[in-house]
Asks: 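Following this message is one structure expressed as structure tokens.
What you see below is based on every heavy atom in this structure, not just the backbone, and it leaves out hydrogens, waters and symmetry mates. By convention in this document, chain letters (A, B, ...) are assigned in the order of the sequence lines, proteins followed by strands, and residues within each chain are numbered from 1.
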Amino acid sequence: MDFVLDKSVTPFNLDHTLNCGQAFRWKKLGDWWYGLVGENVVKLKQADGKLVFYTYPEQKNVDFIEDYFRLDDDLRHILSRINRDTEVNKVIEKFYGLRIIRQDPWECLISYICAANANIPGIKNVVSSMARNFGKKVIFESQKFHAFPEPEALARASLAELGTCGLGYRAKYVLGTSRLISSGAVQFESLKGLDYEDARAKLLALPGVGQKVADCVLLFSLDKLEAFPVDIWVKRIVLERYPEHFDSFGLSDKGAVTSREYHAISTFGRVYFGKYAGYAQEYLFYYRRSRS
DNA sequence: ACATCCCCTTAGCC
DNA sequence: AGGCTAAGGGGAT
């Protein structure tokens, strides 16, 4: 199956999109990317202005691919809106076609709770270990794939079982949040209907969810494109490129992101880049990480 | 081999 | 109220 992309209308770069670090479950084997969207194994590659893909089990309706990769976003328009200066313009040109992915909110939430104070290879290990231990197995091309576990599956796990996934001290956060989601205390669909600030406040009430995790979940799964998550890499590049927007007082170019710094940098991002600040964040993040 | 620091941070304590 | 620190464990140097 394939999906024809008219690049003049729908710019898209699959490699940038899957390499930039926003999603943890995709792997590239040869020319093909393999991953799961829900319980569907998806195999795809980009060639000659087309997206060629297979799904297993085979799906007749593949709109979910378009939804997942946000091919409905008017990327030209979005990038023109965040293209505020020559510095960010260079980054946009370098990674042109990178799209924010519309992940499943549940998987996104748990993944980013596990991502706290971890590095990307480690996050990938933990998430795949949770899927292997608690998720539904799917065989495709003689390979084992595992769907991300349902909330109920993690909610009824023990701390010790979760601990075997390499979660460390985060196991109790995953368990607590899984129970709240499983019970229906927080519902993602209703969060989508709230504005950025209100949805954020709801997420912050979950164990293991602070400012950074909340903003990642809002950006990558709840359609809040103004969210501007700040980690060590975003802090670095923003303070390198935009120092004039900050008082030197209370901001250090080294070390972890303090709460005060988080607020200052994230607010700057939303004000300076506007309603699509999250796109700017991801381009800058990927640029700064790939640079060093 | 080994030590050390870092990592897409949060929560709890003072 | 805001700053400091402990908390798995793997990756990187």
Side-chain angles (χ1 to χ4, degrees), chain A residues 16-26 91 95 98 100-101 103 107-130 132-133 157-178 180 200-222 224 227-240 247 249-266 269 277-292:
Chain A
H16 290 333
T17 298
L18 293 180
N19 276 328
C20 75
Q22 61 181 316
F24 305 110
R25 296 265 283 150
W26 291 91
V91 179
F95 296 122
L98 187 162
I100 300 289
I101 288 175
Q103 299 183 226
E107 176 174 342
C108 187
L109 172 61
I110 296 299
S111 297
Y112 277 93
I113 288 174
C114 299
N117 199 25
N119 52 36
I120 289 177
I123 301 161
K124 288 179 174 174
N125 288 340
V126 169
V127 175
S128 70
S129 178
M130 279 193 294
R132 197 161 53 243
N133 289 328
S158 68
L159 273 181
E161 286 175 311
L162 287 170
T164 64
C165 301
L167 283 162
Y169 63 89
R170 305 172 194 85
K172 56 184 178 292
Y173 304 143
V174 168
L175 186 59
T177 288
S178 297
L180 285 168
R200 192 172 192 267
K202 300 277 189 195
L203 289 173
L204 286 173
L206 296 167
V209 179
Q211 306 186 80
K212 164 64 169 58
V213 174
D215 279 329
C216 285
V217 175
L218 291 164
L219 175 61
F220 298 130
S221 75
L222 294 173
K224 306 304 180 197
F228 195 86
V230 180
D231 66 353
I232 187 77
W233 302 99
V234 172
K235 171 181 165 179
R236 283 173 185 149
I237 191 162
V238 168
L239 294 186
E240 285 163 7
D247 296 329
F249 177 75
L251 287 175
S252 115
D253 56 353
K254 290 202 184 69
V257 184
T258 67
S259 174
R260 175 194 293 267
E261 288 169 342
Y262 193 101
H263 182 74
I265 295 169
S266 186
Y279 262 96
Q281 187 272 1
E282 205 56 20
Y283 275 75
L284 291 168
F285 169 77
Y286 189 34
Y287 173 77
R288 185 60 181 77
R289 280 205 54 126
S290 56
R291 195 185 87 194
S292 83

Asks: Would you kindly give the CG-to-P distance between A/Leu167 and C/dG10, to the nearest whole Å?
Replies: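 To the nearest whole Å, that distance equals 12 Å.
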Asks: Quote, to the nearest angstrom, the C1' distance that separates C/dG10 from B/dA11.
Replies: 23 Å
Asks: Does A/Arg260 make a side-chain N or O approach to OP1 or OP2 of C/dG2 shorter than 4.0 Å?
Replies: no
Asks: With A/Ile101, which residues qualify under side chain to side chain contact (heavy atoms under 4.5 Å, CB included), at least two apart?
Replies: A/Thr17, A/Leu18, A/Gln22, A/Ala23, A/Tyr68, A/Phe69, A/Gln103
Asks: Under 3.5 Å, is there a donor-acceptor pair between the side chain of A/Lys224 and the main chain of A/Asp215?
Replies: no
Asks: In whole angstrom, give the distance that lies between atom CG of A/Asn125 and atom C1' of C/dG11.
Replies: 10 Å
Asks: What's the OH-P distance between A/Tyr112 and B/dC8, to the nearest Å?
Replies: 11 Å
Asks: How far, in whole Å, is C/dG3 from B/dC8 if one measures between their P atoms?
Replies: 24 Å
Asks: Determine whether more than 12 heavy atoms belonging to other residues, nucleotides or ligands lie under 6.0 Å from atom NZ of A/Lys202.
Replies: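 Open.
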Asks: Strictly distance-based, threshold 3.5 Å: is any side-chain N or O of A/Thr177 a donor or acceptor partner for the main-chain N or O of A/Val174?
Replies: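 Not at all, since once roles are kept as given, no pair shorter than 3.5 Å links the two residues.
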Asks: Describe the nucleic acid contact of A/Pro229 in one word from base, sugar-phosphate, nothing, applying a heavy-atom distance below 4.0 Å.
Replies: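 No contact.
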Asks: Quick one: is C/dA7 close enough that its OP1 or OP2 comes under 4.0 Å of any side-chain N or O from A/Arg170?
Replies: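 Answer is no, no contact under 4.0 Å.
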Asks: Send over the distance from A/His263 NE2 to C/dG2 P, rounded to a whole Å.
Replies: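 To the nearest whole Å, that distance equals 11 Å.
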Asks: Base of C/dG10 relative to its sugar, syn (within 90° of 0) or anti?
Replies: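 Nucleotide C/dG10 adopts anti.
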Asks: Using atom NZ of A/Lys124 as one end and atom P of C/dA12 as the other, report the distance to the nearest whole Å.
Replies: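 Distance check: A/Lys124 NZ to C/dA12 P gives 11 Å.
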Asks: Go ahead and write out DNA chain C as dot-bracket, 5' to 3': ( ) for pairs within the strand, [ ] for ones crossing earlier pairs, | when the partner sits on another strand, dots for unpaired; Watson-Crick or G-U wobble, both distances under 3.5 Å.
Replies: .||||||.|||||
Asks: Does a side-chain heavy-atom distance below 4.5 Å link A/Val230 with A/Gln211?
Replies: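 Answer no - side chains too far apart.
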Asks: Taking the side chain as every heavy atom from C-beta outward, state whether A/Tyr112 and A/Val209 have any pair of such atoms under 4.5 Å apart.
Replies: no
Asks: Could you give the CD-to-P distance, from A/Glu261 to C/dG2, as a whole number of Å?
Replies: 15 Å
Asks: Each nucleotide in nucleotides 9-14 of chain B should get exactly one letter: B, S or -. Can you fill that in based on protein heavy atoms under 4.0 Å?
Replies: BSS---
Asks: Given atom NZ of A/Lys172 and atom C1' of C/dG9, what is their separation to the nearest angstrom?
Replies: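 Checked: the NZ to C1' distance equals 14 Å.
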Asks: Which residues pass the ring pair (Phe, Tyr, Trp, His ring centres under 6.0 Å) test with A/Tyr279, not counting sequence neighbours?
Replies: none
Asks: Who are the side chain to side chain contact (heavy atoms under 4.5 Å, CB included) partners of A/Asn133, not counting sequence neighbours?
Replies: A/Ser129, A/Thr164, A/Cys165
Asks: Would A/Phe24 and A/Val126 satisfy side chain to side chain contact (heavy atoms under 4.5 Å, CB included), going step by step from the backbone distance to the final call?
Replies: CA-CA 10 Å; A/Phe24 305 110; A/Val126 169; over 6 Å; no
Asks: Separation of A/Tyr287 atom OH from B/dC8 atom P, in whole Å?
Replies: 18 Å
Asks: For A/Phe95, which residues count as a ring pair (Phe, Tyr, Trp, His ring centres under 6.0 Å) partner, sequence neighbours excluded?
Replies: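 For A/Phe95 the ring pair (Phe, Tyr, Trp, His ring centres under 6.0 Å) partners, ignoring immediate neighbours, are A/His16, A/Tyr286.
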Asks: Answer with base, sugar-phosphate or nothing: what part of the nucleic acid does A/Cys20 contact at a heavy-atom distance below 4.0 Å?
Replies: base
